[in-house]
Amino acid sequence: MSDEASGVQATIKVNDFHAYPDAQGRFGNFGGVFMPETLMPPLQELTAAYLQLREDPEFIAEFERDLKHYVGRPSPIYHAERLSRETGGAQILLKREDLNHTGAHKINNTIGQALVARRMGKRRIIAETGAGQHGVATATVCARFGLDCVVYMGAVDIERQKINVYRMKLLGAEVVPVVSGSQTLKDALNEAMRDWVTNVADTFYIIGTVAGPHPYPMMVRDFNAVVGREARAQMLAQFGRLPHVLTACVGGGSNAIGLFHAFLNDREVAIVGAEAAGEGMASGRHAASLSAGRPGVLHGNRTYVLCDDHGQIVETHSISAGLDYPGVGPEHAFLKDSGRASYVGVSDEEAMSAFHLLARTEGILAALESSHAVAQAIKLARDLPKDQLILCNLSGRGDKDVHTIAAREGIAL
Amino acid sequence: MSCRIEKRFAELRARQRKGLIPFITAGDPLPNASVAIMHALVDYGADLIELGVPYSDPVADGPTIQHSSERAIARGVGIEQILGWVREFRERDVDTPIVLMGYLNPLEIYGYRRFATEARDAGVDGVLLVDLPVEESATIADLREAGLRQIFLVAPTTTAQRLAAIREQAQGFIYYVSFAGITGADQLDPVAVRQRVARIKQGSDIPVAVGFGVRDAASAVAVAERADAVVIGSALVARLATTADREAALVAVGGFLAPIRKALDSTSGPQRRAAL
């Protein structure tokens with residue numbers, strides 16, 4: 001694996017990928033807890049509570065019951081035969097997270113964290129959102145559990161995701177526009193942290209991705225890992241074997257780690273993450289932290305970040321709001337440096353083509369985020385023989401993006 | 001040279017004077033005014049200067065310091081330039097301690113080892129990194145080795161156990177965050193602050209400075225009773241932000257700081273004796 005940006009070589013030897021993070025929240029050199037002192041005690045309290053709950057059979061049963069009856073799990077693995085034929089190579093299989101209640105994988109995590117919040121006696125929930133999927137998933141579980149919900153969302157994202165903003169309001173959440181910085185996901189995260197630091201006594205922060213300070217990267221991963229656990233069993237049951245390659249889109253990386261985690265110790269399964277290359281890696285207008293970033297500290301953890309030589313986080317660009325983030329979950333940084341997974345850029349253009357091809361060949365409107373994964377699956381499939389299996393995480397449905405797509409193609413609705 | 005902070009607090013104690021610590025964002029409002037502003041701060045009563053290293057994502061800061069950071073970043077202010085200003089400041093002032101305050105990533109990208117020697121050689125005395133809790137302090141081992149003091153935050157949420165760990169590693173002084181919130185917010189509760197500061201000082205010699213929400217002479221006096229020093233940031237940064245040029249900025253420093261200095265001096269001596 002090459003890495004021009006950081007000069008880091010794939011030299012880390014890992015015996016058991018499921019042994020991470022360590023007690024300090026570290027995945028190799030990444031992760032940790034880099035937070036202001038005010039938030040350290042609540043983070044430690046959360047870590048202690050969560051470590052207990054993840055071993056608590058009653059809690060696990062409660063979580064699994066909701067995944068089954070409220071979310072509608074398990075989500076199927078669907079063999080996209082026409083897409084595969086059109087592509088002319090390996091078989092493309094889709095893990096249909098778009099069929100979950102609220103239309104994306106995000107609900108797996110918000111149910112889990114809302115249950116943790118309830119156990120900890122916190123009645124006020126805050127969240128950040130980019131595309132609005134995590135905001136909707138948080139507003140949904142707050143409505144269901146009767147919790148107050150405040151969602152921070154960049155003003156730019158509010159503009160490009162109007163439908164999700166309205167969905168959150170219908171669900172009873174307050175959506176607070178964030179006008180600082182680039183007015184996108186990272187700024188929404190900053191503002192949510194400022195709320196948390198101010199209202200720390202009664203507030204639970206439901207982070208939507210596998211970033212943030214420990215224990216969030218671990219906790220969010222654990223709640224999304226159901227995707228990969230299901231998929232692994234489904235592959236064996238439906239196809240009698242594991243896939244040759246996994247692929248998923250990576251912004252913060254929660255759907256990707258959700259799919260990848262159960263397969264990390266299956267070394268024969270290749271893992272490829274698709275980052276947002278925006279207008280192209282060479283243009284500089286992208287959000288590909290792993291492909292073009294360098295190790296740094298952002299939002300409470302050490303990971304790959306997109307920043308300038310002064311350490312200032314730079315504005316990112318992607319057609320999909322959910323991938324528009326200048327950092328990435330520390331476990332992905334670790335998987336990259338250990339050589340277990342590789343990460344490549346998929347441009348806006350390629351994602352759009354994949355969106356259309358999937359729509360026309362399979363009758364599925366994928367989220368723009370997930371369309372990056374589909375594009376990557378198509379690229380991989382072209383170079384592989386027909387009997388190979390590529391499992392692609394279709395992390396969300398595209399209804400929310402219809403306006404963005406129409407606008408991009410010059411169509412007035 | 002690196003014991004300026006200890007020396008300064010020892011002097012303050014000897015003179016029974018409350019320390020006044022202004023915070024400014026380096027390079028704001030105008031990069032070419034920073035050194036002159038630093039000298040003016042000292043002229044009008046600063047005992048130690050906190051120089052903010054601008055960062056794009058300051059999660060513990062309110063709008064005032066966010067915007068001042070954005071302005072400085074837009075003008076290309078970075079660590080190299082800031083160290084140059086410290087070096088220039090030291091040509092005329094070898095006594096006033098300077099603490100760089102900010103977030104980790106600019107240092108991480110600059111390189112800790114490089115920063116450690118260059119900052120020390122420029123005349124920086126300590127660092128306060130908002131997102132570097134005591135658990136992760138090994139991150140900046142190079143800085144400590146170079147003699148730079150590591151200033152830690154203590155917050156209202158800090159538990160007794162954490163306080164013990166922080167006191168063990170703290171150098172220079174402890175910065176007590178007066179409320180759970182962001183800089184510049186209006187949440188100051190002087191009674192609660194006095195109680196907490198007394199607890200921090202119990203059985204420890206390390207000086208305590210109180211910051212967050214201190215905006216004028218009255219609030220400075222209110223929180224200074226038990227503390228060794230007060231930090232004033234957002235209110236000063238906001239005042240400087242309205243100035244059009246260097247001369248106006250220097251006038252603003254005097255107008256802002258002098259009354260606070262005076263109020264602290266008129267109350268600190270006898271009250272401090274009573275508190276002890």
Side-chain angles (χ1 to χ4, degrees), chain A residues 23-26 29 31-45 47 178-182 186-187 189-203 212-214 293-303 305-315 326-327, chain B residues 53-63 66-67 69-70 72-74 76-82 102-111 129-136 138-139 152-159 161-163 165-166 174-177 179-183 185 187 212:
Chain A
Q24 280 72 49
R26 291 189 188 280
N29 294 322
V33 192
F34 296 92
M35 289 298 275
E37 174 62 21
T38 309
L39 291 175
M40 290 302 293
L43 280 166
Q44 290 176 333
E45 193 189 332
T47 304
V178 176
V179 294
S180 61
S182 60
K186 85 170 173 77
D187 309 286
L189 234 148
N190 291 340
E191 214 51 43
M193 283 188 183
R194 291 180 188 124
D195 178 312
W196 196 25
V197 89
T198 304
N199 301 293
V200 64
D202 67 339
T203 297
H214 181 63
R294 47 182 151 186
V297 174
L298 176 65
H299 292 146
N301 67 92
R302 177 172 285 108
T303 186
V305 299
L306 289 168
C307 67
D308 65 17
D309 290 340
H310 288 159
Q312 311 300 348
I313 305 302
V314 298
E315 286 188 31
Chain B
V53 178
Y55 179 51
S56 53
D57 294 78
V59 295
D61 284 302
Q66 285 174 42
H67 294 146
S69 299
E70 285 167 14
I73 291 166
V77 173
I79 288 175
E80 209 163 341
Q81 201 174 6
I82 295 169
Y103 296 78
L104 206 53
N105 201 52
L107 267 69
E108 172 114 355
I109 298 304
Y110 199 79
L129 295 161
V130 176
D131 53 354
L132 188 71
V134 68
E135 286 81 356
E136 304 279 3
T139 306
F152 284 101
L153 297 172
V154 170
T157 51
T158 302
T159 57
Q161 195 187 354
R162 291 187 60 78
L163 178 60
I166 291 168
I174 279 176
Y175 184 129
Y176 179 64
V177 176
F179 52 78
I182 52 178
T183 54
Q187 294 169 245
F212 279 46

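A, B, ... follow the sequence lines: proteins, then strands. Residue 1 opens every chain.
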Any side-chain heavy-atom pair from A/Thr198 and B/Phe179 closer than 4.5 angstrom? no
Report which part of [X] has an atom under 4.5 Å of a heavy atom belonging to chain A: side chain, backbone, both, or neither.
X	answer
B/Val154	backbone
B/Gln187	side chain
B/Ser69	neither
B/Leu107	neither
B/Val134	neither

Spacing of [X] atom [atom1] and [Y] atom [atom2] [to the nearest 0.5 Å]:
X	Y	atom1	atom2	answer
B/Ile73	A/Gln312	CD1	CD	3.5 Å
B/Ile79	A/His310	CD1	NE2	8.5 Å
B/Asp57	A/Ser182	CG	OG	7.5 Å
B/Tyr55	A/Leu298	OH	CG	5.0 Å
B/Thr157	A/Leu39	OG1	CG	7.0 Å
B/Asp61	A/Asn190	CG	CG	10.5 Å

Is there any side chain to side chain donor-acceptor pair (under 3.5 Å) pair reaching into residues 31-44 of chain A, and which pairs are they, with sequence neighbours excluded? A/Glu37-B/Thr158, A/Glu37-B/Arg162, A/Gln44-B/Glu135, A/Gln44-B/Arg162
Among the listed options [options], the residue most often paired with chain A at heavy-atom distances under 4.5 Å:
options	answer
B/Gly62, B/Pro54, B/Ser56	B/Ser56
B/Asn105, B/Leu104, B/Thr159	B/Asn105
B/Pro58, B/Ala60, B/Pro133, B/Gly78	B/Pro133

Donor-acceptor contact below 3.5 Å, side chain B/Glu136 vs main chain A/Val33: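 Yes.
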Go through the structure and list residues passing salt bridge (Lys or Arg N to Asp or Glu O under 4.0 Å) with B/Glu70, not counting sequence neighbours.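 B/Glu70 satisfies salt bridge (Lys or Arg N to Asp or Glu O under 4.0 Å) with no residue once adjacent residues are dropped.
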Sort A/Asp308 into side chain, backbone, both or neither according to what part of it lies under 4.5 angstrom from a heavy atom of chain B.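 Only the backbone of A/Asp308 comes within 4.5 Å of chain B.
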Measure distances from A/Asn199 to the heavy atoms of chain B and classify the residue's part below 4.5 Å as side chain, backbone, both or neither. neither
